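Hydrogens, waters and symmetry mates are skipped; everything else that's a heavy atom, side chains included, is used. Computed from a predicted structure; not experimentally measured.
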Amino acid sequence: MSDIRLIVIVGSVDERVKLKKAFLVEQNFEVIGETDNAADGVKMVKEMNPSIILIDSELGGENPDGLACAETLSIQAPTTDMVMISTEGGDGLFLRKAMLAGVRQVLPKPYDAGDLVEIIKLVADISEKKKEAYSAIVGTREEEVINAKLMTIFSTKGGVGRSLIAINLACALKKLTGKKVALVDLDLQFGDVSIMMHIQPKNTIAALAREIADSGTLEDDVLNAHLIVHEGSGVSVLTAPVRPDEADLVKGPHIDQILRKMKEKFHYIVVDTPAFLSDTVLTSLELSDFILLLLTMELPTIKDGKLMMEIMQTFGYSSDKVKIIMNRESKDSAFKKADIEKTLEAEVAATIPSEGAAVMPAVNEGEPVYLRSPDSMVAKAMNELVKIICPDDIQAGAEEADAGKAKKKGGGLFGKKK
């Protein structure tokens, strides 16, 4: 295990002395800073970049609330894990609050010093493995990313399936190309990507915006710490804020930095958006290689779609950039694809069938329909959409998969074993 560099934020002087004595006998433990108050603790952590923060739930100074300090630290130092000691450590509600504040483990007082040391070692080991996993999945070398493509899903109406398309398109891109794929939830007030993918958000896009506002820049490791890798698909997800009031923290310049940095690290970035134009949405549209304008076979949506097409023409967006996607196609609809194309004076690039029997259970259980029901009509439509966006990468991915199967079937480097 690497050396564990600790900052101790504990209100009691006697407690800090006791802790330092316990850590002194550990060869790979080093206390690089200590304080009794939240303000100094936050400053130390930002300047000294510790491996682990040990924090008490009861601090000194003007702000003695250790939970509030932990929440601030989880935003200011998202790559550093925290262990908390507390007289309330055995209370279930307190534990949940601590976890939401970003604390990795809580040890109730009174505690055994040896137990605390082992917990810190365990948390440090997990933290180290997590950072290694991020590096392996996201990558850090620019030369690994070739011709990044960013695509924004937009519609002027709510309830047309933007998040559903964004999630399943990202999953399809990952599966069919084998490339690095990211998904950004830019519906800042009421984003549903995390719940639809059964993800527990910790460091959201709001926290990342705060980081950019504080430092003025965006480093690779900070971005990586705010991404959550979806276990089922391998897609890296940047989730929307947990609370609607945090939406105001995210501005257009923040999105500009985030998306530009992501284009350095991912082959494909899919952006989900709200049903209105804002500075953040306009920034994403401007940086996009493709804008997928999502419509349904309903008159208000088609009317607004035509208006949006006219607006995008004034922005100078070409037909190669703006792709019309028709969701929930149904044979029973009063409108047909040809009628819609005539009204919009533009081609419908792809259609997604209406398939509630497959979609609704997947949404309610927090699993992308592309993974849950790979043989569904919706999943097949996603495959066709990917072929439109990246035909070359699909062919390359298929060739790599075929080569892998041949090698496995052959049982060796030179063919099938006799």
Side-chain angles (χ1 to χ4, degrees), residues 1-89 94-95 97-109 111-132 134 202-203 207 210-211 214-215 219 221-222 224-226:
M1 180 185 291
S2 302
D3 289 344
I4 299 173
R5 302 167 69 252
L6 286 149
I7 284 182
V8 178
I9 309 174
V10 174
S12 166
V13 175
D14 292 340
E15 186 97 32
R16 296 202 303 275
V17 171
K18 172 187 171 183
L19 289 167
K20 286 193 292 184
K21 286 181 178 178
F23 299 152
L24 190 62
V25 298
E26 297 294 323
Q27 291 185 351
N28 63 329
F29 275 48
E30 179 186 3
V31 177
I32 60 173
E34 62 172 294
T35 182
D36 68 342
N37 68 83
D40 288 346
V42 171
K43 184 178 179 182
M44 281 184 183
V45 169
K46 292 182 69 174
E47 292 177 352
M48 305 175 78
N49 191 28
S51 310
I52 299 292
I53 303 164
L54 177 62
I55 184 170
D56 197 343
S57 62
E58 299 175 2
L59 304 177
E62 296 180 358
N63 301 303
D65 186 353
L67 280 180
C69 179
E71 184 174 356
T72 300
L73 287 168
S74 71
I75 295 168
Q76 300 286 343
T79 60
T80 305
D81 283 321
M82 289 178 282
V83 174
M84 177 171 279
I85 52 176
S86 174
T87 54
E88 300 180 76
F94 179 85
L95 288 174
K97 288 181 178 179
M99 295 301 140
L100 287 172
V103 175
R104 173 69 70 172
Q105 288 288 333
V106 178
L107 189 65
K109 292 183 181 182
Y111 55 85
D112 179 79
D115 291 342
L116 177 60
V117 166
E118 291 305 313
I119 286 174
I120 291 174
K121 286 180 179 178
L122 177 62
V123 171
D125 184 51
I126 293 172
S127 179
E128 191 172 329
K129 290 177 179 176
K130 183 173 65 175
K131 290 174 183 177
E132 290 174 356
Y134 275 128
K202 179 183 176 183
N203 297 321
R210 287 194 192 100
E211 190 72 30
D214 288 341
S215 65
E219 300 297 334
D221 60 339
V222 174
N224 293 349
H226 289 74

Which atom names give the shortest non-hydrogen contact between [X] and [Y], and what distance separates them?
{"X": "Pro78", "Y": "Asn203", "value": "CB-ND2, 3.4 Å"}
{"X": "Glu211", "Y": "Ile75", "value": "OE1-O, 3.2 Å"}
{"X": "Ala22", "Y": "Val25", "value": "O-CG2, 3.2 Å"}
{"X": "Ala124", "Y": "Ile4", "value": "CB-CD1, 3.7 Å"}
{"X": "Leu67", "Y": "Ala101", "value": "O-CB, 3.8 Å"}
{"X": "Ala70", "Y": "Met84", "value": "CB-CE, 4.2 Å"}

So Asp36 and Arg16, do their side chains get closer than 4.5 Å, heavy atoms only?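 Sidechains of Asp36 and Arg16: in contact.
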Find out whether Asp214 and Gln76 are in side-chain contact, i.e. whether some heavy atom of one side chain is under 4.5 Å from a heavy atom of the other.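 The answer is yes, as the side chains (C-beta and beyond) meet within the 4.5 Å cut-off.
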For the atom pair [atom1] ([X]) and [atom2] ([Y]), what is the distance rounded to the nearest 0.5 Å?
{"X": "Phe94", "Y": "Thr87", "atom1": "CZ", "atom2": "OG1", "result": "7.5 Å"}
{"X": "Asn37", "Y": "Asn63", "atom1": "CG", "atom2": "CG", "result": "8.5 Å"}
{"X": "Ile120", "Y": "Leu116", "atom1": "CD1", "atom2": "CG", "result": "4.0 Å"}
{"X": "Lys18", "Y": "Asp14", "atom1": "NZ", "atom2": "CG", "result": "10.5 Å"}
{"X": "Ile85", "Y": "Tyr111", "atom1": "CD1", "atom2": "OH", "result": "4.0 Å"}
{"X": "Glu219", "Y": "Asn224", "atom1": "CD", "atom2": "CG", "result": "11.0 Å"}

Which residues pass the salt bridge (Lys or Arg N to Asp or Glu O under 4.0 Å) test with Glu118, sequence neighbours left out?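 Once residues adjacent in sequence are excluded, the partners of Glu118 under the salt bridge (Lys or Arg N to Asp or Glu O under 4.0 Å) criterion are Lys121.
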Residue list, salt bridge (Lys or Arg N to Asp or Glu O under 4.0 Å) with Asp81, at least two apart or on another chain: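 For Asp81, the residues satisfying salt bridge (Lys or Arg N to Asp or Glu O under 4.0 Å) (neighbours in sequence not counted) are Arg104, Lys130, Lys202.
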Apply the side chain to side chain contact (heavy atoms under 4.5 Å, CB included) test between Val45 and each candidate in Thr35, Leu73, Thr72; give the one that qualifies.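 Option passing the side chain to side chain contact (heavy atoms under 4.5 Å, CB included) with Val45: Leu73.
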Going by atom type alone, with no hydrogens or angles, which donor-acceptor pairs under 3.5 Å involve a side-chain atom of residues 48-56 and a protein atom two or more places apart or on another chain?
residue : atom : partner : partner atom : Å
Ser51   : OG   : Arg5    : N            : 3.0
Asp56   : OD1  : Glu58   : N            : 3.3
Asp56   : OD1  : Lys109  : NZ           : 3.3
Asp56   : OD2  : Lys109  : NZ           : 2.8

